[in-house]
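Computed over heavy atoms, backbone and side chain alike; hydrogens, waters and symmetry mates excluded.
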Amino acid sequence: MKSPIGHLSYAPGLKGVVAGETSLAMIDGAAGRLQYRGYPIGELVDHGTYSQVAELLWTGAWSPDAHLACAPLEPELVDVVRRLPADSNAMDALRTAASAWGAIHRLTWPPTIDQAHAITAVAPSALAAFARLREGLEPVQPDPALGLAAGFLYQLLGTRPDEAAARALDAYFVVGAEHGFNASTFTARVIISTHSDLASAVAGAIGALKGPWHGGAPAEVVDQLHEIGSVDEAEAWIRATLARGDRLMGFGHRVYRAYDPRAAALRSVAEGLAGMTGWLDKAVAIEQVALRVLAEHKPDYPIKTNVEYYAAAVLQGVGLPPNLFPAVFALARHAGWTAHSLEQAEVNVLIRPDVRYVGPAERHLPD
Ligand code: ACO
């Protein structure tokens with residue numbers, strides 16, 4: 001509910017406020033449509049690669065030959081990652097790596113496509129190195145022949161991933177690449193708007209994505225399905241969760257009032273993964289119960305399945321542990337964060353909203 005502040009209006013959480021213009025993603029929340037620079041997400045998942053999509057977001061052009069491989073880590077960066085406690089949160093590790101990479105490279109403003117390319121290419125190597133080091137294994141050098149998703153799996157596992165897993169993770173990266181003024185992207189744009197550098201923008205964005213209401217949801221979807229147990233127990237569990245005032249993970253979105261098109265795309269990707277049938281059948285059945293109960297719970301505010309519900313299926317299906325899910329989402333979103341940073345810099349205005357003061361009236365310290 002907006003309330004006036006002088007001639008200004010107030011919208012908590014900036015709900016319904018248009019805070020900029022973009023030519024990157026078109027999101028039609030009512031109809032459940034998403035396009036990157038005009039191309040429907042379903043087409044990009046079926047016929048594109050993350051390398052092509054990242055290039056599209058950065059340049060605006062479709063480049064069939066685009067190839068984005070993981071970059072090797074500077075020795076200083078390996079040292080930083082090595083020194084992190086083994087039980088660090090993977091998002092903390094990735095954010096630290098982005099920050100350390102920025103300290104090594106000392107990027108200048110405005111951000112450039114080369115910078116966007118470089119930070120997007122180094123992030124999977126940093127995350128894979130962290131994941132191996134915490135298991136007592138040494139990092140693996142990237143293979144320049146592999147695209148970003150396959151290259152990440154290779155550096156994580158130390159062996160070449162099978163074709164189906166590499167393709168599924170690449171599709172997940174395409175789906176996760178960009179999504180308008182979400183909280184982490186907006187954070188990146190705020191940072192760039194101050195003439196700060198791209199590494200700072202990405203580090204800040206990772207911090208915003210870490211929250212369970214944004215990028216932390218897929219791991220919680222796995223826990224949720226585990227806690228629910230069987231499909232027969234789903235309705236009682238869901239009703240009890242909502243009665244406590246808790247949220248169902250993998251449902252609801254600030255923009256989509258219709259089914260999230262990314263969830264639909266990832267559901268088909270998950271269906272193509274071997275060994276997923278049992279888990280997926282249960283997830284699909286529980287989704288139907290959840291949608292029915294949510295519709296009763298909030299009849300005037302449609303809460304539908306979001307991308308994270310089926311992201312959980314794909315990430316599990318390619319063999320990633322849930323504690324890496326948010327950080328893998330962050331790897332995919334690098335293309336969007338950096339493309340938005342380029343776009344922000346082109347038309348830069350300092351992002352600095354007003355705030356309504358609700359504290360005490362003027363008062364004075366005791367004599
Ligand atoms: N389960 C139960 N209730 C919900 C859910 C949910 N998943 N989502 C929204 N609601 C309810 C809220 O409790 C609130 O009810 P109230 O008015 O009685 O307090 C109402 O719907 C509106 O909630 P808001 O947070 O104001 O609305 P918004 O649409 O901005 O919420 C959000 C979006 C934060 C993503 C929310 O749906 C949520 O928390 N979902 C669960 C976490 C999740 O899956 N996050 C991933 C999102 S996708 C992404 O970030 C890539």
Side-chain angles (χ1 to χ4, degrees), residues 41-54 64-73 90 120-177 218-219 221-222 225 262-284 307-335:
I41 190 69
E43 250 174 68
L44 292 168
V45 168
D46 290 345
H47 305 295
T49 64
Y50 183 71
S51 301
Q52 292 164 333
V53 163
D65 299 331
H67 178 69
L68 178 63
C70 296
L73 299 176
T120 303
V122 83
S125 307
L127 181 61
F130 165 73
R132 286 181 72 82
L133 286 164
R134 72 179 177 179
E135 302 292 336
L137 301 167
E138 278 305 299
V140 169
Q141 282 300 308
D143 178 344
L146 299 174
L148 216 70
F152 168 66
L153 286 175
Y154 171 65
Q155 287 184 89
L156 185 69
L157 307 170
T159 53
R160 280 179 167 258
D162 75 60
E163 190 58 35
R167 181 68 200 132
L169 190 63
D170 197 77
Y172 168 80
F173 271 42
V174 168
V175 164
V221 168
V222 173
L225 290 182
R262 302 169 299 170
L266 287 183
R267 181 176 157 179
S268 343
V269 171
E271 282 163 356
L273 279 169
M276 281 308 290
T277 324
W279 197 89
L280 206 56
D281 286 349
K282 178 178 162 187
V284 171
V307 62
E308 307 292 23
Y309 196 76
Y310 286 108
V314 173
L315 295 173
Q316 272 220 131
V318 302
L320 294 171
N323 62 29
L324 285 186
F325 289 3
V328 173
F329 180 17
L331 299 183
R333 189 49 65 82
H334 270 64

Anything under 3.5 Å between a donor and an acceptor, one on a side chain of residues 264-274, the other on a protein residue two or more places apart or in another chain? List them.
unit_1	atom_1	unit_2	atom_2	d
Arg267	NE	Glu271	OE2	3.2
Ser268	OG	Ala264	O	3.2

Considering only heavy atoms from C-beta outward, does the side chain of [X] approach that of [Y] to under 4.5 Å?
{"X": "Val221", "Y": "Phe325", "value": "no"}
{"X": "Val284", "Y": "Trp279", "value": "no"}
{"X": "Val174", "Y": "Ile41", "value": "yes"}
{"X": "Leu156", "Y": "Leu127", "value": "no"}
{"X": "Val53", "Y": "Thr49", "value": "no"}
{"X": "Leu331", "Y": "Leu148", "value": "no"}
{"X": "Gln155", "Y": "Pro139", "value": "no"}

On a heavy-atom basis, which atom in [X] and which in [Y] lie closest, and how many Å separate them?
{"X": "Glu308", "Y": "Phe329", "answer": "OE2-CE2, 3.4 Å"}
{"X": "Tyr50", "Y": "Ala177", "answer": "CE1-CB, 3.8 Å"}
{"X": "Ala327", "Y": "Ala90", "answer": "CB-CB, 4.0 Å"}

Check your understanding: Taking atom CZ of Phe173 and atom OG of Ser51, what is their separation to the nearest 0.5 Å?
Key -> 10.5 Å
Anything under 3.5 Å between a donor and an acceptor, one on a side chain of residues 309-321, the other on a protein residue two or more places apart or in another chain? List them.
unit_1	atom_1	unit_2	atom_2	d
Tyr309	OH	Ala283	O	2.7
Tyr309	OH	Glu287	N	3.4
Tyr310	OH	Glu287	OE1	2.6

Any sub-3.5 Å donor-acceptor pair from [X]'s side-chain atoms to [Y]'s backbone N or O?
{"X": "Gln52", "Y": "Pro64", "result": "yes"}
{"X": "Ser125", "Y": "Ala71", "result": "yes"}
{"X": "His67", "Y": "Pro144", "result": "yes"}

Point to revise | Verdict with reasoning, Leu146 to Leu153, per side-chain contact (heavy atoms from CB on, under 4.5 Å) | key: CA-CA 10 Å; Leu146 299 174; Leu153 286 175; over 6 Å; no
**Study point:** Pairwise salt bridge (Lys or Arg N to Asp or Glu O under 4.0 Å) hits with a residue in residues 122-141, at least two apart
**Key:** Arg82-Glu138
